[in-house]
Amino acid sequence: PLAADIILSMIALDYQDTIMAAAGDQANAAYEQAIEKYKGQYILALEGNVPLNAQGMYCIDGGKPFYEKLKQGVEHAKAVVAWGTCASWGCVQAASPNPTGATPLHKLFPNKPQIKVPGCPAIPEVMSSILTYIITYDRLPTLDSQGRPEMFYGKRVHDQCVRRAHFDAGQFVESWDDAAASLGYCLYKMGCKGPTTYNACPVTRWNNGVSYPIQSGHGCIGCSEDGFWDKGSFYDRLTDIHAFGIEANADEIGGTAAGVVGAAVAAHAAISVAKRARDKAVENKAASTNR
Ligand code: SF4
Ligand code: F3S
């Protein structure tokens, strides 16, 4: 369903300060009334993270640190949803040295049932689908080991990529303006992080299914992964460590083994290139035999 359908006909959106008619004290009253009226029944969804340094003074809402307001809502929520990479992992506000102490939801309320929906930004269709799932089945969707819905984060961008056939064929873009770039070849050598990123963007795409970053010509920067903002250049190629089964899922690999997947990809890329060279050699040999 479209976001508009969700808001207008599927849920009671009792508090959302940027689109609700109320403002100021009236908005805060709506927040408190919703908590009271639906105690233990409502879903609290947060976009953005919470700055804790300087007693929370980097984000004041209604005269109080935002953390105070959030805590009040989370306490009585049935579950919480972290929309986007900021709420899920911290994102650029938490970039080293993180001067504001920006902190994601799961670190603040580790014991509350919660769903992470990372992405910078999160995909609208994924957001609406998760709400629809909760409303339809009255339960949270199945999550992976990192707390993300498996149905949208169970596969790597690399596994669903429009350029994957070029990766398998060893056809890579070597510079942004080469012929391979015009032909839509694989962006692995340009630093694409698709092999270590779990997200549904190659399937849902953006702007009503028009495109997604890789289709538009830029490598994936891993915008849905924890720490992507502090892991060096977006244009550094994933480096090798040891061979690894490249079709493993996030749970099997674990959060810290992203580099290992990179290793497998590097190995796979090398094999693809070697295979191409071998095929070429066979072709040349056949041609010279025929001559
Ligand atoms: Fe697609 Fe990037 Fe994988 Fe190449 S390395 S197939 S561009 S996800
Ligand atoms: Fe983000 Fe990579 Fe998709 S940058 S939008 S996860 S292609």
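For this chain, numbers begin at 1 and follow the sequence in order. Values below: all heavy atoms of this structure, side chains included; hydrogens, waters and symmetry mates excluded. Counting starts at 1 for both ligands and their atoms, following the listed order.
Close contacts of ligand 1 with F167, meaning ligand atoms under 4.0 Å from a residue heavy atom, involve 6 (S). Those atoms of ligand 1 with a heavy atom of R164 less than 4.0 angstrom away are 6 (S). Taking every non-hydrogen atom of G194 and a distance limit under 4.0 Å, the qualifying atoms of ligand 1 come out as 8 (S). With ligand atoms numbered from 1 in the order given, ligand 1 contributes 4 (Fe), 7 (S) to contacts under 4.0 Å with heavy atoms of L187. Close contacts between ligand 1 and I214 involve ligand atoms 7 (S), 8 (S) [criterion: under 4.0 Å to a heavy atom].
Look at C192 and atom 2 (Fe) of ligand 1: an N/O/S atom of the residue is under 2.8 Å from the metal.
The shortest distance between side-chain heavy atoms of Y212 and W206 falls below 4.5 Å. Between D17 and Y31 the shortest side-chain heavy-atom distance does not fall below 4.5 Å.
Other members of the hydrophobic cluster containing M57, listed by chain and number, are I60; membership follows side-chain contacts under 4.5 Å among ILVMFWY residues, whether direct or relayed.
Within the structure, the salt bridge (Lys or Arg N to Asp or Glu O under 4.0 Å) test picks out no pair touching residues 190-209 (sequence neighbours left out). Under the salt bridge (Lys or Arg N to Asp or Glu O under 4.0 Å) criterion, the residue pairs touching residues 50-62 are D61-K69, with sequence neighbours excluded.
Following chains of ILVMFWY side-chain contacts shorter than 4.5 Å, one cannot reach V81 starting from I35, and the two form parts of different hydrophobic clusters. Residues V126 and I7 are members of one and the same hydrophobic cluster, defined by side-chain heavy-atom contacts under 4.5 angstrom among Ile, Leu, Val, Met, Phe, Trp and Tyr.
Of the possible donor and acceptor atoms, none in the side chain of Y58 sits under 3.5 Å from a partner among the backbone N and O of A102.
A salt bridge between K78 and D138 is present, with a side-chain N of the basic residue lying under 4.0 Å from a carboxylate O of the acidic one.
Around atom 2 (Fe) of ligand 2, the protein N, O or S atoms found under 2.8 Å comprise C220 SG.
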